[in-house]
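In what follows, a structure is listed as structure tokens, so that the remarks can point back to it.
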Amino acid sequence: MSQFFYNQRENLVNDAIEGAIVASPWNNLARLDTDPAIRIVVRRDLDKSRVAVISGGGAGHEPAHIGFVGKGMLTAAVCGDLFASPSVDAVLTAIQAVTGDAGCLLIVKNYTGDRLNFGLAAEKARRMGYKVEMVIVGDDISLPDNKHPRGIAGTILIHKVAGYFAETGSNLDTVAREARMAMARVFSIGVAISSCHLPANPQDNVRHHPGQAELGMGIHGEPGAIVVNTQNSAEIVRLMVDKIIAVLPDTGRLMVMLNNLGGVSVTEMAIITRELTSGPLATRTEWLTGPAPLVSALDMKGFSITVMVMEEGIEKALLSEVKTAGWLPPVRLRQQATMPCEIKSARVAFTPSENAQVGHCVDTITATLSGLESELNALDAKVGDGDTGSTFAAGAREIARLLRQHQLPLAELDTLCALTGERLTVVMGGSSGVLMSIFFTAAGQAIHEGKSLVTALQSGLAQMKFYGGADLGDRTLIDALQPALESLAQQPGDLDAAYRAAQAGADATSQATKANAGRASYLNSESLAGNMDPGAHAVACVFKALAQTTAE
């Protein structure tokens, strides 16, 4: 079953039109106040002394065609229902509303319904005395044996060319001639992984091919020419480009347009752009427009490539400024730019040094955390993902390894803290590694600025709280670490008192029924009650070990 954001199915197109008009950045659109069944959007700055350029078709291809009404492109867009041509009366009403003595040009995609309805409207308008010309766009090259190639995204480029010449005051013959010349120079091909969904279609007959793509799928979901056995972006783009090159003239500069059929992510379109602009077309391509949805097919998971062979008048028309919501100004094709990068190394520079007392403390801390691995994992399994012990042990073993190899600056506490922070973020992984790295890095900086060890550790804690978002009482290691450091600040050197404060904080976490940080914050109170936070338990154990070694 398809899913869409809309109100009533019968109001879907009207609501979309209203939204498009309201959102127009130029505030230059209006819906004609006529029969409610007729949906026509026109330029508010209408000038009947110039040739009117009218297009349209079924809805579902947004921003086509409303998004291209405005100065320099369309004078009016006639909107049908989803994937359904507008009626003859609707097209005729548009012609009468916007056409003056200069006449009008109808630009029609090559589908039977559009050709018939726009064609009959043109005949009626001529009988009424209007000067009317019609250009039928058939830019789709995916079915080479088809006598009537479909009109797809290349239609927008014809809008652009015709709109330019109309805007600059050319007569109807010139506007029509330039549009037909442009039509002869535009070639498009599309591909899709799946066809589009239709709102309120209970059967939702979406066609898709797992692991494959359909080359040439129509913009209403019509079957394509072939199914290819890949969804690899490079292979698909290469196949499409090969087919375009086969029908291109051998010479001539190119504009390439990349159109999102509605359901392709921005990331995927960027990848496709990269493939397209680094392939064989790049040597001849001067201008690129897109990637963007220009002629979409609701949510079709696909895209199309359009190539237009440039000529001086066409190029000038395509590069001219417009005031429409849907058109993207072309950019010159260019290679990815790089800039030289000269930065100082962020790695901690140090010279190994010895300090027996500091070395003993480091050995005690790392041995304690390594020995707690299984116990902490078991605690964490009750409230988290069961890896706290392994994470802390990984960091402890790395620092212990450096200690054994005499590769620590033990005589320089600021550098020791900074180096510890650097190594922990590498070997611990996850948020725990980053938090402990912040703690030691900030503490090292504070020591470097002349602060005492305890004050520096409190600075590290403050930064860890700031970046991590947790605080005292949130059922984390902070509940043990903060009381311990506060105890040391009040009773310098009394590690036993610090241990008791840490243990009291850790014990409190087992009574807490709400966690405000970490994975435990996703658990209910029953899961938390009676289970000590593993990080807080680790901190208490470290202070206990330090207190015991000091007392010996």
Side-chain angles (χ1 to χ4, degrees), residues 348 350 352-372 392 395-396 399-400 402-403 408-424 435-468 470-474 476-509 532-533 535-552:
V348 176
F350 70 97
S353 57
E354 297 297 329
N355 182 304
Q357 183 180 7
V358 173
H360 184 60
C361 287
V362 171
D363 182 54
T364 300
I365 294 170
T366 55
T368 300
L369 292 174
S370 295
L372 286 170
F392 276 81
I399 304 304
L402 295 174
L403 180 65
L408 291 177
L410 298 175
E412 301 174 68
L413 286 182
D414 58 342
T415 308
L416 176 63
C417 287
L419 179 63
T420 300
E422 180 180 275
R423 296 310 304 158
L424 292 185
L435 286 169
M436 296 311 300
S437 179
I438 290 170
F439 173 70
F440 283 106
T441 301
Q445 181 63 30
I447 294 172
H448 182 73
E449 293 170 356
K451 295 180 181 178
S452 68
L453 176 59
V454 173
T455 302
L457 293 175
Q458 288 179 311
S459 296
L461 174 61
Q463 293 303 97
M464 183 170 66
K465 290 165 63 175
F466 173 74
Y467 290 112
D471 206 338
L472 192 67
D474 285 342
T476 69
L477 62 81
I478 293 171
D479 289 339
L481 182 57
Q482 182 167 321
L485 294 180
E486 289 175 349
S487 175
L488 284 174
Q490 295 170 5
Q491 304 173 70
D494 191 342
L495 286 169
D496 187 62
Y499 154 62
R500 291 195 303 273
Q503 187 62 60
D507 290 339
T509 65
M532 184 179 296
D533 177 74
H537 179 58
V539 171
C541 289
V542 165
F543 276 97
K544 181 179 181 180
L546 289 172
Q548 289 174 342
T549 57
T550 302
E552 292 174 355

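Hydrogens, waters and symmetry mates play no part in the numbers below; they use all other heavy atoms, side chains included. Residue numbers run from 1 in the order of the sequence given.
Side chains of Leu477 and Leu435 form no contact here, defined as non-hydrogen atoms less than 4.5 Å apart. Residues Leu372 and Phe392 are not in side-chain contact: their nearest non-hydrogen atoms beyond the backbone lie 4.5 Å or more apart. Annotation: side chain of Ile399 is not in contact with side chain of Leu403 (no heavy-atom distance under 4.5 Å).
The backbone N or O of Asp533 lies less than 3.5 Å from a partner atom in the side chain of Thr509, making a donor-acceptor pair. Thr455 places no side-chain N or O within 3.5 Å of a backbone atom of Ser452 that could act as its donor or acceptor partner. Here the side chain of Asp494 pairs no donor or acceptor atom with the backbone of Gln491 at under 3.5 angstrom. Remark: side-chain polar atoms of Thr364 are paired, donor with acceptor, to backbone N or O of His360 under 3.5 angstrom. The closest donor-acceptor contact from the side chain of Asp474 to the backbone of Thr476 lies at 3.5 Å or more, if one exists at all. When atom types are taken as modelled, the side chain of Thr366 and the backbone of Asp363 share a donor-acceptor pair closer than 3.5 angstrom.
Residues Leu461 and Phe439 come closest through the heavy atom pair N-CD1, 3.4 Å. Contact detail for Gly421 and Ser437: the closest heavy-atom pair is O-OG, 2.6 Å. Across every non-hydrogen atom of Ala506 and Ala536, the tightest pair is CB-O, 3.7 Å. Here the closest non-hydrogen pair linking Thr368 and Ala545 is OG1-CB, 3.3 Å. The shortest non-hydrogen separation linking Gly359 to Leu410 is CA-CD1, 3.9 Å. Nearest heavy-atom pair, Leu419 versus Leu408, reported as atom, atom and distance to 0.1 Å: CD2-CD2, 3.8 Å.
Taken from OG1 in Thr441 to CE in Met464, the straight-line distance is 12.0 Å, to the nearest 0.5 Å. To the nearest 0.5 angstrom, Phe350 atom CZ is 8.5 Å from Glu422 atom CD. Atoms CD1 and OG1, on Ile447 and Thr415 in that order, are 9.5 Å from each other to the nearest 0.5 Å. Considering CD of Gln482 and CD of Glu486, their distance stands at 4.5 Å, rounded to 0.5 Å. Put simply, CD1 on Ile438 and NZ on Lys465 are 14.0 Å apart, with the number rounded to the nearest 0.5 Å. Rounding to the nearest 0.5 Å places CZ of Phe543 at 5.0 Å from CG of Leu485.
Gln445 and Glu449 share a side-chain donor-acceptor pair at under 3.5 Å. For Gln458 and Lys451, the side-chain atoms include no donor-acceptor pair closer than 3.5 Å.
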Checklist line | side-chain contact (heavy atoms from CB on, under 4.5 Å) between Leu424 and Phe440, intermediate numbers included | finding: CA-CA 9 Å; Leu424 292 185; Phe440 283 106; 3.8 Å; yes
